[in-house]
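Note sheet for the following structure.
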Amino acid sequence: MLSAEEWGIVLLSLKVSGVAVLLCLPIAFGLAWLLARGRFPGRVVLDALVHLPLVLPPVVTGWLLLLAFGNNGPAGRWFSEALGISFMFRWTGAALAAAVMALPLMVRAMRLSIEAVDPKLEQAAETLGASRAHVFATITLPLALPGLLAGMVLGFARSLGEFGATITFVSNIPGETQTLPIAIYSALQVPGSEAVVTRLAILSVALSLAALIASETLVRRSGQGRGRHVL
Amino acid sequence: MSFEVRVEKRLGERMIAAEFVSDAGLTALFGLSGAGKTSLLNMVAGLLRPDAGRIVVDGSVLFDSATGIDVPARARRVGYVFQDGRLFPHKRVKDNLLYGWALADPAQRWMDLDEAVRFLGIGPLLNRWPRTLSGGEAQRVAIGRALLSAPHMLLMDEPLASLDRGRREEIMQVIERLRDELKLPILYVSHDRDEVERLATLIVPVESHGF
């Protein structure tokens with residue numbers, strides 16, 4: 001079974017991923033909405049920017065985060081002065097890195113689900129007397145919801161696996177920034193720790209698999225997902 | 001006058017223009033597919049903005065480019081029965097029927113759920129999901145949903161197009177009763193001559209003009 005230390009790693013990973021997804025949710029939804037429904041110049045550029053963490057080497061993303069959110073970075077200074085939040089060598093930094101890496105996947109899934117909502121249904125609701133806000137709350141959101149949930153699950157799974165950007169940005173500190181993948185990497189450096197590595201690896205596979213199955217089930221259940229996949 | 005419509009709208013390569021005045025029970029806009037009939041209905045419903053013109057229904061001005069009046073779709077109180085039904089897939093039949101009813105001013109409602117259900121014979125369908133309905137059933141629910149939103153008028157876009165022969169007759173009889181019993185002004189779009197000749201009190205031909 002797992003030792004207390006290993007449980008600590010799992011709990012930290014779940015905390016980091018959970019916070020990352022919650023942090024990402026409003027931003028990802030806003031971006032998904034803009035990309036699905038917005039007609040504005042620069043839409044292609046925004047689309048590319050959102051997808052950048054997906055294709056950039058994670059170590060570069062981590063380094064960019066360090067420049068922006070480090071103690072001397074502009075964003076980092078603002079957060080520490082205005083909100084008293086520091087990212088350096090803290091689990092908050094790990095959550096930020098995971099959020100940035102999860103963003104493209106979440107936006108993608110949410111955008112697909114928003115695009116799958118037939119605007120003709122929204123028009124029908126309008127002719128029945130519904131205001132824009134009412135249409136959104138009673139038609140658009142419920143129809144897009146399975147995809148939004150799937151996006152969250154997917155983002156959560158991506159956050160659990162986040163390695164490169166995290167270790168670059170906030171290093172490898174047991175109990176603070178040492179999430180599951182980083183702990184596996186650390187254990188691999190120590191001779192004779194095969195048993196620990198195996199246990200943590202099995203745990204990773206189980207968590208990721210559960211998240212993927214949950215995500216696919218949500219999309220399929222919505223009925224809109226017929227023939228579509230978020231991956 | 002039930003309807004007083006004079007609009008023009010350029011859509012891509014086509015120019016859609018129509019002008020008619022009608023006091024009839026059921027006014028049919030008749031023309032070939034692609035002549036812009038649906039666009040005309042959408043302009044009356046407020047879903048498509050004409051380039052110029054004036055739309056008056058039952059004495060209230062819904063659109064007038066000269067004075068800048070453009071009542072939003074949600075406030076026009078049109079009951080729109082779409083060609084493809086457009087029932088909300090995530091709501092049961094009963095909740096579909098009550099969607100517009102719940103939004104209408106209680107003082108303006110002129111039909112309640114029981115009356116609509118009896119009028120259309122859809123009692124057994126109330127707890128069903130839209131995807132389990134046949135074409136004729138779905139079309140009756142769509143008509144009921146429109147009636148319950150307390151409309152001043154009904155817009156119907158090829159409501160028989162997706163139905164087989166038996167169902168067509170059934171829905172035609174419903175439409176005749178809407179016209180004769182409820183005295184509701186109806187603007188009806190079709191490309192089928194027999195259908196239009198049987199149902200319409202007034203036929204308005206619609207043609208589009210290419211450039």
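A note on names: the letters A, B, ... follow the listed sequences, proteins ahead of strands, and every chain is numbered from 1.
- By the neighbour-count criterion of 12 heavy atoms within 6.0 Å, atom CG of B:Leu11 is densely surrounded, having more than that number from other residues, nucleotides or ligands.
- Minimum heavy-atom separation, B:Arg145 to A:Ala124: NH2-CB, 3.9 Å.
- Heavy atoms from other residues, nucleotides or ligands lying under 6.0 Å from CH2 of A:Trp7 number 12 at most.
- Scanning both residues, A:Pro142 and B:His90, for their nearest heavy atoms gives CB-CD2, 3.6 Å.
- With a 4.5 Å cut-off on side-chain heavy atoms, A:Leu121 and B:Phe82 do not count as touching.
- With a threshold of 4.5 angstrom between heavy atoms, B:Arg77 does not approach chain A through any atom at all.
- For B:Leu148, no part sits under 4.5 Å from any heavy atom of chain A, backbone or side chain.
- For B:Arg177, the CZ atom is densely surrounded, since the number of other residues' heavy atoms within 6.0 Å is greater than 12.
- Taking every heavy atom of both residues into account, A:Gly129 and B:Leu103 meet most closely at C-CD1, 3.8 Å.
- Around the NZ atom of B:Lys91, the shell of radius 6.0 Å holds more than 12 heavy atoms that belong to other residues, nucleotides or ligands.
- Using a 4.5 Å cut-off between heavy atoms, B:Arg76 does not touch chain A at all.
- B:Phe20 CZ: more than 12 foreign heavy atoms inside a 6.0 Å radius.
- Note that NE2 of A:His134 is 4.0 Å distant from OH of B:Tyr99, once rounded to the nearest 0.5 Å.
- The neighbour count for A:Arg132 CZ, taken as heavy atoms of other residues, nucleotides or ligands under 6.0 Å away, does not exceed 12.
- Of the inter-residue distances, the one linking A:Leu128 atom CG with B:Asn96 atom CG reads 9.0 Å to the nearest 0.5 angstrom.
- Here CD of A:Gln123 is found 9.0 Å from CG of B:Leu48. Values are rounded to the nearest 0.5 Å.
- Neither the backbone nor the side chain of B:Asn42 has a heavy atom closer than 4.5 Å to any heavy atom of chain A.
- For the atom pair OG1 of A:Thr127 and CZ of B:Arg86, the computed distance is 8.5 Å after rounding to the nearest 0.5 Å.
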